[in-house]
Amino acid sequence: MQLNNLKTGTLYKNEKPHVKSIHAYFPSVAVLPDGSLLGMYMLGEAFEADNLQVHLSRSNDQGNTWHYQGQLNPDTTDRTTSTFGRLALTEDGELVANLIRLDRTAHPGQGLCNPETLGMVPAELLMMRSHDLGHTWTEPETVTPPLVGPVFEMCSPITFLNDGRWIWPTSTWRDWDGHQPNGNRMIAFVSEDQGHSWPEYFDIMHSESNNLIFWESKIIEYPDGRLLAVAWCYDEEAKADRPNQYSVSHDGGASWTTPASTQLTGQTLTSRLLDDGTLLNIYRRLDEPGLWACLSQLDKNGQWENLDQQPLWGHQSQAGTTTTGENMSENFAVLKFGAPHITRLPDGDLFVTFWCYEQNISVIRWFRFRIE
């Protein structure tokens, strides 16, 4: 695998860290009909700060330079909340932001997760839309999920299927006290009315003993209609990560193959289907340091096959950017890079964004390249 014409830069960086603490996390980028790019990410004082909110930047030169546009979501005045989200563009040019708003009021001074239960603070799901290339947005619409989470992970933009359905990949998550009536499941909400209601869901990955958690899930549609789901897998019983998992559906999401290993030892896997049918995977590697690009494919029997991989960032001297201790809540707090997003630019280049700490500041970094 050759990453040709490789370039890199920053989408967002706090230019005055000596004046104010501002860190950036969890980017996603949409290529707009006029050729410009809109980037969405979270800004706050720290990785789990209660002032994390969703912000936008815009590029008019294929991502080389970015101009800050402002905060997307309105602040709440009656409670303390932080907001996370992802960005996607429909075929007719509508921008859709799917969001989770986390209520921090009952747990002041705490992180997002309870260290004793790995449970999350209370949360609500929202959507915002734009019909003018992201310059103005609708007010947040409340989303009613089709099952009890009771909380859900914010990990993926909405995916638009060729048959007109919208799907929202996510996973169930416990509440603060540890309640989770439907167990650990990777799922995807399904909408047949362009996101106005989500009455159904795909049940994609779970384990019989409920010891496996499937995080950072994504779903890809092949031209022949197959759906491929990928996820970071954590074994709670063993208190260890397993290789990233994948599952395939041949019937539009009604059923899925048993989760199987990609043989990629890492976290926050994001995949994109390339024109030749291969998959570009960007992930935080665990057996070696750094963010890596891996080229893979599904063979004729539907089995995952890795072809080649190369490091993108952090593979030389980034000690302390991850940890694999027994308490996953504490592991989250130590993370220093991840959550890659992949899009394709109008000229055919691939554009990868992710968050990472550089000089003690979390920035949004991008890489641009072609694969040959």
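Heavy-atom basis, side chains included; hydrogens, waters and symmetry copies ignored.
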A.B. asks: Using modelled atom types only, decide if a donor and an acceptor are shared between the side chain of N184 and the backbone of T172 within a distance under 3.5 Å.
C.D. replies: no
A.B. asks: Would a distance-only check, ignoring hydrogens and angles, find a side-chain to backbone donor-acceptor pair under 3.5 Å from N244 to L264?
C.D. replies: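 Such a contact is found between N244 side chain and L264 backbone.
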A.B. asks: Between Y357 and Y25, how do the two ring planes meet: parallel, tilted or perpendicular, split at 30° and 60°?
C.D. replies: tilted
A.B. asks: Surrounding CG of D163 (heavy atoms of other residues, nucleotides or ligands, distance under 6.0 Å), is the total greater than 12?
C.D. replies: yes
A.B. asks: Suppose we screen for side chain to side chain contact (heavy atoms under 4.5 Å, CB included). Which residues come up paired with S171, at least two apart in sequence or across chains?
C.D. replies: E153, W215
A.B. asks: For the residue pair R284 and W232, would you count it as a cation-pi contact if the rule is NZ or CZ under 6.0 angstrom from the ring centre and within 45 degrees of the ring axis?
C.D. replies: yes
A.B. asks: Could you give the distance from CG (L125) to CD1 (I100), rounded to the nearest 0.5 Å?
C.D. replies: 5.5 Å
A.B. asks: Tell me whether the rings of W355 and F26 are parallel (<30°), tilted (30 to 60°) or perpendicular (>60°).
C.D. replies: perpendicular
A.B. asks: Taking the six-membered ring for Trp, are F354 and F367 parallel (under 30°), tilted (30 to 60°) or perpendicular (over 60°)?
C.D. replies: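 Correct class here is parallel.
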A.B. asks: Find the distance between CG (N14) and CD1 (I22) and round it off to the nearest 0.5 Å.
C.D. replies: 4.5 Å
A.B. asks: Could R101 and E141 be called an ion pair, given the rule that one side-chain N must be under 4.0 Å from one carboxylate O?
C.D. replies: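 Looking at E141 together with R101, the answer is no, because their closest N to O distance does not fall below 4.0 Å.
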A.B. asks: If only atom types and distance count, is the side chain of R174 paired as donor or acceptor with the main-chain N or O of T117 below 3.5 Å?
C.D. replies: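 The answer is yes, because a donor-acceptor pair under 3.5 Å joins these two groups.
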A.B. asks: So Y246 and W304, would you call those rings parallel, tilted or perpendicular, with 30° and 60° as cut-offs?
C.D. replies: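 Taking W304 first and then Y246, their aromatic rings sit tilted (interplane angle of 30° to 60°).
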A.B. asks: If you measure from the Lys or Arg side-chain nitrogens to the Asp or Glu carboxylate oxygens, is any gap between E358 and R365 under 4.0 Å?
C.D. replies: yes
A.B. asks: Can you check whether P243's main-chain N or O pairs, donor with acceptor, with Q245's side chain at less than 3.5 Å?
C.D. replies: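 Yes: the side chain of Q245 pairs with the backbone of P243.
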A.B. asks: Provide the closest heavy-atom pair for V54 versus N73 in the form atom of the first, atom of the second, distance.
C.D. replies: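 Shortest heavy-atom contact: N-OD1, 3.0 Å.
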A.B. asks: Please answer whether the main-chain N or O of L279 pairs with a side-chain N or O of S296 as donor and acceptor at a distance below 3.5 Å.
C.D. replies: no
A.B. asks: So, N51 side chain and G44 main chain: donor-acceptor pair closer than 3.5 Å or not?
C.D. replies: no
A.B. asks: For the residue pair W313 and F337, is the inter-centroid distance of their aromatic rings smaller than 6.0 Å?
C.D. replies: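 Here the rings of F337 and W313 have centres that are less than 6.0 Å from each other.
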A.B. asks: Is it true that Y12 and Y41 have ring centroids separated by less than 6.0 Å?
C.D. replies: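 Distance test on ring centres: under 6.0 Å, yes.
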A.B. asks: Working note: R226 + E221, criterion salt bridge (charged side-chain N to carboxylate O under 4.0 Å, His left out); need CA distance, chi angles, decisive distance, verdict.
C.D. replies: CA-CA 6 Å; R226 285 177 298 162; E221 183 175 23; over 6 Å; no
A.B. asks: Quick one: does L274's side chain get under 4.5 Å of L350's, heavy atoms only?
C.D. replies: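 Side-chain contact under 4.5 Å: yes.
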A.B. asks: Give me each pair satisfying side chain to side chain donor-acceptor pair (under 3.5 Å) with a member in residues 339-348, each pair once, sequence neighbours excluded.
C.D. replies: D347-R368
A.B. asks: So, taking the atom named NE2 in H206 and the one named OG in S247, what distance separates them when rounded to the nearest 0.5 Å?
C.D. replies: 10.5 Å
A.B. asks: Could you tell me whether D287 and R285 make a salt bridge, using a distance below 4.0 angstrom between a side-chain N and a carboxylate O?
C.D. replies: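 Yes, this pair counts.
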A.B. asks: Using atom types as modelled and distance alone, determine if a side-chain donor or acceptor of D308 lies under 3.5 Å from a backbone N or O of M1.
C.D. replies: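 Yes, the answer is positive, given that a donor and an acceptor are paired below the 3.5 Å cut-off.
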A.B. asks: Look at the side-chain heavy atoms of Ile, Leu, Val, Met, Phe, Trp and Tyr, link any pair under 4.5 Å apart, and say whether L345 and L273 land in one connected group.
C.D. replies: no
A.B. asks: Run the salt-bridge test on E124 and R79 with the 4.0 Å N-O cut-off and return the result as yes or no.
C.D. replies: yes
A.B. asks: Strictly by modelled atom types, are Q110 and N114 linked by a side-chain donor-acceptor pair under 3.5 Å?
C.D. replies: no
A.B. asks: Just by modelled atom types, is the A254 backbone N or O under 3.5 Å from a matching donor or acceptor in the D203 side chain?
C.D. replies: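 No, because the side chain of D203 does not come within donor-acceptor range (under 3.5 Å) of the backbone of A254.
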A.B. asks: Please check if the side chain of Q2 supplies one atom and the backbone of I371 the other of a donor-acceptor pair under 3.5 Å.
C.D. replies: no
A.B. asks: Can a side-chain donor-acceptor contact be found between D78 and T76 if the only test is distance below 3.5 angstrom?
C.D. replies: no
A.B. asks: Between K218 and E216, is there a side-chain N and carboxylate O pair less than 4.0 Å apart?
C.D. replies: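 Salt bridge present between K218 and E216.
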A.B. asks: Check the side chains of Q267 and D241 for a donor-acceptor pair under 3.5 angstrom, ignoring hydrogens and angles.
C.D. replies: yes
A.B. asks: First locate atom NE2 of H131, then atom OG1 of T90, and finally report the distance between them rounded to the nearest 0.5 Å.
C.D. replies: 8.5 Å
A.B. asks: Report the C-alpha separation of L38 and L95 in whole Å, then their side-chain angles, then the decisive distance to 0.1 Å, and conclude whether the side-chain contact (heavy atoms from CB on, under 4.5 Å) test is met.
C.D. replies: CA-CA 10 Å; L38 190 66; L95 281 164; 3.7 Å; yes
A.B. asks: Would you say D235's side chain and K239's backbone share a donor-acceptor pair under 3.5 angstrom?
C.D. replies: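 It does not hold such a pair.
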